[in-house]
Visitor: 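Supplied in structure tokens, the structure appears directly below.
Atoms considered below: every heavy atom in the structure, side chains included; atoms not considered: hydrogens, waters and symmetry mates.
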Amino acid sequence: MAPAGGSGGDSITAENLYPRWEDFLEPDDILVAETGTVSMGLAFAKLPSGATFHNQTLWGSIGWATPAAVGAAVAAQDGRRVVLITGEGSHQLTAQEISQFGRYGLRPVVFVLNNHGYLIERLLCKHPDIAYNDLANWRYSELPKALGCEDWFTARVSTLAELDQAMDAAGKAGTGCYIEVMTDTYTAPPLAGRLHDNIESLYST
């Protein structure tokens, strides 16, 4: 990936977000990436030594990543850190599993990418703004406390300054962390963008 650019009050884009996620990773981390644009962006991340990357591309089952991260964290109580990165659409299907982290005293770092709907569906759809690509508007950063993760660090960020500060805090925290990352509706990594650019081939007869 290119170096992470931008700073301060700049908005969060795919170009400055995915390199920051790459830089956030530490040796031996377990990265769990949700199906869709998140996996497409992180597939090109250079992982540090000993880190592993898990996603679920075979069946494209959205909602997989949150409970999968619970399982990874239960299995990795040898000190390895679990980093979950999911889109808010997928997260809505299985967000209740956040409670299991609290129940078992697990301390993942969770990033929820909030782009106001099912972005991968918008990119692959003839009518991207159709109603079934929209979502109920949740206050994601408030979920951990509601689900029993009382001591977690949580944040909702929409600028690079806020994102950098939250990532720095998450890197130092001794608790679970949950960061809601706000972007524009069509902020997508290059691979997802290329799929969209070739959308006519999906509907040709």
Visitor: Would you say Val32 and Trp64 make side-chain contact, with heavy atoms under 4.5 Å?
Guide: yes

Visitor: Side chains of Gln92 and Tyr140: closer than 4.5 Å at any heavy-atom pair?
Guide: yes

Visitor: Does the plane of the ring in Phe101 sit parallel, tilted or perpendicular to the ring in Trp152? Use 30° and 60° as the thresholds.
Guide: tilted

Visitor: Do you see a donor-acceptor pair shorter than 3.5 Å between the side chains of Thr66 and Glu97?
Guide: no

Visitor: Taking all non-hydrogen atoms of both residues into account, name the closest pair between Asn16 and Ala4 and its distance.
Guide: O-CB, 4.4 Å

Visitor: OG1 of Thr187 to CD of Glu15: how many Å apart, nearest 0.5 Å?
Guide: 8.0 Å

Visitor: Would you mind reporting whether Pro128 and Tyr186 have side-chain heavy atoms less than 4.5 Å apart?
Guide: yes

Visitor: Keeping the roles fixed (side chain from Ser99, backbone from Gln96), state whether a donor-acceptor pair exists under 3.5 Å.
Guide: yes

Visitor: Of the non-hydrogen atoms in Trp138 and Ala95, which two are nearest, and what is the gap between them?
Guide: CZ3-CB, 3.8 Å

Visitor: Compare all side-chain heavy atoms of Val181 with those of Ile85 and state whether any distance is below 4.5 angstrom.
Guide: no

Visitor: What I'd like to find out is whether the side chain of Met182 reaches to under 4.5 Å of the side chain of His116, using heavy atoms alone.
Guide: yes

Visitor: Quick check: is Val109 connected to Leu42 through a chain of hydrophobic side chains (ILVMFWY, heavy atoms under 4.5 Å apart)?
Guide: yes

Visitor: Determine whether the aromatic ring centres of residues Tyr18 and Trp21 are separated by less than 6.0 angstrom.
Guide: yes

Visitor: A side-chain contact here means heavy atoms from C-beta on lying under 4.5 Å apart; do Phe111 and Val83 qualify?
Guide: yes

Visitor: Would you check if Pro108 and Leu84 make a side-chain contact, meaning some heavy-atom pair closer than 4.5 Å?
Guide: no

Visitor: Are Ile12 and Leu163 packed together at the side-chain level, in the sense that at least one heavy-atom pair is separated by less than 4.5 angstrom?
Guide: yes

Visitor: Does Gln165 CD have over 12 foreign heavy atoms under 6.0 Å away?
Guide: no

Visitor: Under 3.5 Å, is there a donor on one side chain and an acceptor on the other for Glu121 and Asn133?
Guide: no

Visitor: With a 3.5 Å distance limit and no angle check, can you tell me whether Arg20 reaches the backbone of Asp164 through a side-chain donor-acceptor pair?
Guide: no

Visitor: How long is the span from the CG atom in Asp151 to the CZ atom in Arg107, to the nearest 0.5 Å?
Guide: 9.5 Å

